[in-house]
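Before any comments, here is the structure.
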Amino acid sequence: MFLRVARHTNNLEKIEDFYVNILGFERLGGFEKHNKYDGIFIGKPGLDWHFEFTKSEIEAKHTFDEDDIIVLYPKTISNYNDLIHKLTRNNIEMIPAINPYWNENGKMIQDPDGYRIVISSLKAIINEIE
């Protein structure tokens, strides 16, 4: 099974910059004027999932709450630390999570649309122990 997480945005350029240049994903492809939508695919080559972000003349109206999050698990502690330092260098604010579990096990940030993302070292710790 393959997974695509698709989301509409009002600012495709800021979203691409954030997910590619800040979080370290890659632009896998894109399209223009497909049924009046422009879009990009962002992820990592060879994986069974990716993000799709679209923009159209219709304004994106985001409705989510503080517990709606994406969780990213860097593979190594070094990857985790590098990403946290990159976020800090780019003035990406760490915000508290409503769920205390994520405050204990990760760092929460927001993307340009306000969606919450947790960067967690939990899987990296497990990978390095094994």
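Since the structure is predicted, the reported quantities are computational estimates derived from the model, not experimental observations. Every heavy atom of this structure was used, including side-chain atoms; hydrogens, water molecules and symmetry mates were not.
- Annotation: side chain to side chain contact (heavy atoms under 4.5 Å, CB included) contacts of Asn35 (sequence neighbours excluded): none.
- Among pairs with a residue in residues 74-125, those fulfilling ring pair (Phe, Tyr, Trp, His ring centres under 6.0 Å) read His62-Tyr115, Phe64-Tyr115, at least two apart in sequence or across chains.
- For the ring pair (Phe, Tyr, Trp, His ring centres under 6.0 Å) condition, the pairs that include at least one residue of residues 12-35, sequence neighbours left out, are Tyr19-Phe51, Tyr19-Phe53, Phe25-Trp49, Phe25-Phe51, Phe31-His34, Phe31-Phe41.
- Inter-residue side-chain proximity for Met94 and Leu87 is flagged as met; some heavy-atom pair is nearer than 4.5 Å.
- With sequence neighbours left out, the side chain to side chain contact (heavy atoms under 4.5 Å, CB included) criterion links Pro100 to Glu104.
- In this view, Asp38 satisfies the side-chain hydrogen bond (donor to acceptor under 3.5 Å, both in side chains) rule with no residue, not counting sequence neighbours.
- No donor-acceptor distance shorter than 3.5 angstrom exists from the side chain of Ser121 to the backbone of Ile77, with no hydrogens or angles considered.
- The side-chain hydrogen bond (donor to acceptor under 3.5 Å, both in side chains) check on Asn79 picks up Thr76, with sequence neighbours excluded.
- Glu66 is linked by a salt bridge (charged side-chain N to carboxylate O under 4.0 Å, His left out) to Arg116, counting only residues two or more places apart in sequence or in another chain.
- Listed by chain and number, the residues in a side chain to side chain contact (heavy atoms under 4.5 Å, CB included) with Asn91 amount to none (sequence neighbours excluded).
- Every salt bridge (charged side-chain N to carboxylate O under 4.0 Å, His left out) that Arg27 has, sequence neighbours left out, goes to Glu16.
- Remark: Thr88 engages no residue in a side-chain hydrogen bond (donor to acceptor under 3.5 Å, both in side chains) (not counting sequence neighbours).
- For Asn90, there are no side-chain hydrogen bond (donor to acceptor under 3.5 Å, both in side chains) partners at least two apart in sequence or on another chain.
- For residues 49-60, the pairs satisfying salt bridge (charged side-chain N to carboxylate O under 4.0 Å, His left out) are Arg4-Glu52, with sequence neighbours left out.
- In this structure a side-chain-to-backbone donor-acceptor pair under 3.5 Å is missing from Asp113 to Thr9.
- Of the possible donor and acceptor atoms, one in the side chain of Lys44 sits under 3.5 Å from a partner among the backbone N and O of Gly24.
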